[in-house]
Amino acid sequence: MALVTTAAITGCAGSKYPKAPSDNTVDEYFGVKVADPYRPLENDTSATTLKWVEEQRALTEDYLAAIPFRGALRNRIARFNNYVKQGAPWKGADGRYYYFKNDGLKNQSVLYRTDDLAKEGDVFLDPNTLSDDGTVALTGISMSNNGKQMAYTISRSGSDWTEIFVVDTETGKLLDDHIEWAKFTDAAWWKDGFFYSAYDRPEAGKEFSNANENHRIYYHRLGTPQTDDKVVFEDKENPLHFHTAFVPDNEKYIFVSVGGQGFGEGLLMKDLTNENAEWITIEPSQDFANSVIDVIGDDIYILTSADAQRNRIVKVSAKNPQRANWQTVVPEAEGVLSSATRSGNDLVLNYEKDASAHPAIYSLSGTKLTDITLPTYGTVGISASAKNDDIFYTFSSFLYPASIYRFDKKTGESTLVATPEIEGFNAADYVTEQVFYPSADGTKIPMFITYKKGLERNGENPVYLYGYGGFDISLPPSFSPNRLVWLENGGIYAQANLRGGGEYGEAWHEAGTKMKKLNVFNDFIAAAEYMIGEGWTSPEHIVIEGGSNGGLLVGAVTNMRPDLFKVAIPRVGVMDMMRYHLFTIGWNWASDYGTSADSPEMANYLLGYSPVHNIKNDGTPYPAIMVTTADHDDRVVPAHSFKYAAALQAANTGDAPKIIRIDSKAGHGAGKPIAKVIDEYADIYSFIFHNLGITPDTGDTAGE
């Protein structure tokens with residue numbers, strides 16, 4: 001079928017899209033027959049799918065290239081990204097300080113090392129040298145306890161598959177050790193090697209789509225091939241569990257976190273000083289979040305949600321570590337205790353209150369010593385260690401890129417170490433406020449609203465509404481240089497903290513799961529209605545966006561209320577709720593979603609909101625929609641977006657464009673090179689402004 005022209009798709013009445021491969025597949029769920037006509041698109045390596053992908057890419061590029069300000073907008077976004085970004089430093093086991101830094105537009109941040117923080121560090125590891133186009137990302141580092149080696153993990157083209165390499169810290173020389181087909185892991189050092197988690201080598205051609213099973217923990221001894229690595233933990237009876245190893249600095253015990261089929265993690269341990277030791281179960285269920293903070297002597301400190309929906313810290317003897325013996329050190333409090341780490345003989349705790357960070361210092365006995373006061377609503381990243389009293393943290397918010405502070409435990413004062421400057425942007429010209437609006441059932445939902453000072457409530461302001469609402473994940477204030485073009489052109493950025501997230505603990509999370517998932521969608525719809533009711537905007541000016549579970553959110557609410565939004569951007573979304581659990585690690589999401597195989601009631605509930613199954617086909621006008629996905633996304637496989645886009649394009653949903661942007665050599669989002677990020681947001685904002693009828697002011701566009 002011939003490709004539609006830009007002019008035709010802009011008007012879109014009677015326009016034709018590339019013909020998607022289809023068949024007559026019908027599935028049956030507890031007696032209910034459900035058609036799945038675009039099943040062939042699940043095969044992302046077939047000739048027909050690849051042809052359709054290339055046709056869609058050509059169509060989308062044709063559409064976007066015709067937007068006159070696209071190039072200037074990309075230049076503006078690139079300028080906003082071109083500032084020095086630096087992470088908080090930490091002291092390694094070799095006694096030297098390490099930190100990540102990007103001097104502007106490098107695709108990946110560079111790891112630096114220095115003996116003295118007053119001096120500029122030397123490059124220790126530059127991931128930009130690992131590929132020509134920045135698509136190899138450094139995803140983690142772990143130094144041996146003697147400081148002689150550092151293991152680092154990489155991913156290629158955005159995949160979740162992990163490779164592990166080892167470098168000599170003194171010489172910087174890369175050693176021969178190389179681990180493949182690892183996933184969701186770092187290197188947990190012990191003696192002259194490390195533990196890591198991996199799957200069997202996948203079937204050729206199905207590396208990014210087939211379900212992953214049997215996540216094992218291996219031990220790798222330095223200087224030996226991966227084929228000699230020993231399995232130290234596996235659970236053949238539960239092939240869908242994740243297993244992650246943690247070894248405290250004293251190297252006396254190994255802990256295994258077990259997840260994948262519950263809201264939390266089970267926890268096991270083994271004495272590494274006794275070669276005949278058996279595995280001991282600390283917590284058998286996955287009903288609660290459990291993570292080991294550290295081991296001090298024989299006391300294990302654990303951050304847990306057991307008997308504390310907003311989390312607490314407990315300690316227990318390694319001799320009898322079961323939950324019945326846990327002793328509360330820091331009890332559950334008003335805020336959600338989101339993280340805990342050692343700082344010398346103290347604990348640095350980060351509480352989340354109304355979706356904003358509130359860090360504090362506590363003693364190991366649980367006494368609060370002092371708060372760490374932050375400038376405004378924001379997010380912190382804490383750098384601390386049991387080996388010293390250094391505390392560094394980064395602070396960021398909607399209007400403030402990450403600044404680095406050093407906290408002095410003796411004085412209780414924070415000192416600014418470094419703060420970035422972004423040319424052409426003045427944070428003082430904007431404001432962030434937090435509101436609480438009622439959802440359909442009366443529940444109060446928090447939302448941050450950021451906009452230019454002096455903006456009038458004239459009912460015509462463009463609003464960019466963002467949400468997620470799932471998997472116990474919070475949405476605190478965060479900075480994005482890509483968002484600045486929206487704000488400087490009079491746009492309002494609204495971020496809703498929906499149920500399903502972790503903003504108020506497990507009860508808040510559970511209220512947006514399984515057969516309560518509609519709460520999440522209603523919360524998001526109510527956010528748009530609030531912005532309209534308060535006079536900020538109208539449906540003709542509202543843009544909605546979300547990624548992954550947030551892509552599901554955008555797809556679902558667009559079907560529910562197509563009249564409420566002008567533009568929708570569902571990114572890497574979970575769009576087929578009847579089959580999501582059959583791909584890669586999709587089964588891991590069952591604790592939040594339930595599956596179509598669970599029961600007739602669950603299958604019917606999922607079918608009731610599954611985005612690909614509920615697209616209207618009766619002429620109801622839909623917003624302009626640009627779906628985004630990537631060819632190496634093995635978290636939410638691109639088949640979700642492929643099938644959804646095909647169904648959208650085939651349906652009678654009015655004249656607004658329905659296109660799909662399919663990135664190449666990219667995955668779910670993590671580790672994406674800056675050049676690709678800039679390209680993507682230039683396309684997203686070009687699509688948005690164009691379909692809102694706005695020609696953005698892009699400032700100086702010389703060199704466009």
Could you work out, with side chain to side chain contact (heavy atoms under 4.5 Å, CB included) as the rule, every residue matching [X], not counting sequence neighbours?
X	value
Asn350	Ser338, Ser339, Ala357, Pro359, Val380, Ile382
Ala527	Tyr437, Met447, Leu465, Ala496
Lys91	Tyr97, Asn388, Asp390
Lys119	Thr114, Asp116

Exercise for review: Kindly give the heavy-atom pair with the smallest separation between Tyr196 and Ala182, and that separation in Å.
Suggested key: CD1-CB, 4.3 Å
When you measure from the side chain of [X] to the backbone N and O of [Y], does any donor-acceptor pair fall under 3.5 Å?
X	Y	answer
Gln495	Pro476	yes
Lys387	Ser343	no
Ser641	Val627	no
Lys85	Gly104	yes
Ser480	Asn482	yes
Ser548	Gly573	no
Glu170	Gln149	no
Trp486	Ile492	yes
Thr185	Ser197	yes
Thr153	Gly140	yes

Practice item. Consider only side-chain N and O atoms of Tyr504 and Asn497, and report whether a donor and an acceptor are under 3.5 Å apart. Key: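 Their side chains do not contain a donor-acceptor pair, so the 3.5 Å distance test is not met.
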Exercise for review: Taking atom types as modelled, find out whether Asn128 and Gln108 have a side-chain donor-acceptor pair closer than 3.5 angstrom.
Suggested key: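 Asn128 vs Gln108: no donor-acceptor pair found between side chains.
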Point to revise | All side-chain hydrogen bond (donor to acceptor under 3.5 Å, both in side chains) counterparts of Gln86, not counting sequence neighbours | key: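 With neighbours one apart ignored, the set is empty.
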Practice item. Determine the interplanar angle of the Phe194 and Trp189 rings, folded into 0 to 90°, and report it as parallel if under 30°, tilted if 30 to 60°, perpendicular if over 60°. Key: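 If you compare the ring of Phe194 with that of Trp189, the planes turn out perpendicular.
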Listed by chain and number, what are the ring-ring contact (aromatic ring centres under 6.0 Å, His included) partners of [X], not counting sequence neighbours?
X	result
Phe246	none
Tyr468	none
Tyr83	none
Phe242	Phe184, His215, Trp587

Exercise for review: Quick one: do Thr415 and Tyr405 satisfy side chain to side chain contact (heavy atoms under 4.5 Å, CB included)? Show the steps, please.
Suggested key: CA-CA 5 Å; Thr415 303; Tyr405 292 83; over 6 Å; no
Is there side-chain contact between [X] and [Y], with heavy atoms separated by less than 4.5 Å?
X	Y	answer
Leu222	Val166	yes
Ile625	Pro570	yes
Lys148	Asp94	no
Trp181	Thr162	no
Ser686	Leu73	yes
Phe687	Leu64	yes
Arg406	Leu117	yes
Val110	Phe100	no

Check your understanding: Should the heavy atoms of other residues, nucleotides or ligands under 6.0 Å from CG of Asp132 be counted, would the total exceed 12?
Key ->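 No, CG of Asp132 has 12 or fewer neighbouring heavy atoms, counting only those of other groups under 6.0 Å.
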Check your understanding: Tell me the salt bridge (Lys or Arg N to Asp or Glu O under 4.0 Å) pairs involving residues 678-690, sequence neighbours left out?
Key -> Arg70-Asp683, Arg74-Asp679, Arg571-Glu680, Arg661-Asp683, Lys672-Glu680
Practice item. Could you pull out all residues at least two apart from Lys368 that satisfy salt bridge (charged side-chain N to carboxylate O under 4.0 Å, His left out)? Key: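 By the salt bridge (charged side-chain N to carboxylate O under 4.0 Å, His left out) rule, Lys368 matches Asp371.
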Throw together a table of side-chain donor-acceptor distances under 3.5 angstrom for residues 391-402, partners on residues two or more places apart or in other chains.
| from | atom 1 | to | atom 2 | distance (Å) |
| --- | --- | --- | --- | --- |
| Tyr393 | OH | Ser414 | OG | 2.7 |
| Thr394 | OG1 | Gly381 | N | 3.4 |
| Ser397 | OG | Tyr377 | O | 2.6 |

Check your understanding: Between Glu433 and Tyr451, does a side-chain hydrogen bond (donor to acceptor under 3.5 Å, both in side chains) hold up when you go through it step by step?
Key -> CA-CA 9 Å; Glu433 62 178 276; Tyr451 54 93; 2.5 Å; yes
Exercise for review: Determine, stepwise, if the pair Phe165 / Leu175 fulfils side chain to side chain contact (heavy atoms under 4.5 Å, CB included).
Suggested key: CA-CA 7 Å; Phe165 295 87; Leu175 304 183; over 6 Å; no
**Study point:** Test side-chain hydrogen bond (donor to acceptor under 3.5 Å, both in side chains) applied to His220 and Asp177, step by step
**Key:** CA-CA 9 Å; His220 174 76; Asp177 305 84; 2.6 Å; yes
Exercise for review: For side chain to side chain contact (heavy atoms under 4.5 Å, CB included), just list the numbers for Glu423 and Glu421, CA-CA rounded to whole Å, side-chain angles, deciding distance to a tenth of an Å, and then say yes or no.
Suggested key: CA-CA 6 Å; Glu423 183 181 355; Glu421 294 184 6; over 6 Å; no
Point to revise | Check ion pair Asp294-Arg342 (N to O, under 4.0 angstrom) | key: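 Yes.
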Review point. Would you call Lys676-Asp663 a salt bridge at under 4.0 Å N-O?
Key: yes
Exercise for review: Please report the C-alpha distance between His358 and Glu352 in whole Å, then the side-chain angles of each, then the deciding distance to 0.1 Å, and finally whether the side-chain hydrogen bond (donor to acceptor under 3.5 Å, both in side chains) criterion is met.
Suggested key: CA-CA 6 Å; His358 291 75; Glu352 189 173 291; over 6 Å; no
Point to revise | Derivation of the side chain to side chain contact (heavy atoms under 4.5 Å, CB included) call for Lys453 and Val431 | key: CA-CA 6 Å; Lys453 290 178 180 177; Val431 65; 4.2 Å; yes
Check your understanding: Between Lys353 and Glu503, is a salt bridge (Lys or Arg N to Asp or Glu O under 4.0 Å) present by the stated rule, with each step listed?
Key -> CA-CA 7 Å; Lys353 300 177 182 178; Glu503 287 84 355; over 6 Å; no
Practice item. Report the C-alpha separation of Asp122 and Arg113 in whole Å, then their side-chain angles, then the decisive distance to 0.1 Å, and conclude whether the salt bridge (Lys or Arg N to Asp or Glu O under 4.0 Å) test is met. Key: CA-CA 5 Å; Asp122 297 319; Arg113 180 173 69 180; over 6 Å; no
Check your understanding: Looking at Arg76, Lys452, Arg483, which one forms a side chain to side chain donor-acceptor pair (under 3.5 Å) with Glu488?
Key ->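 Only one of Arg76, Lys452, Arg483 forms a side chain to side chain donor-acceptor pair (under 3.5 Å) with Glu488, namely Arg76.
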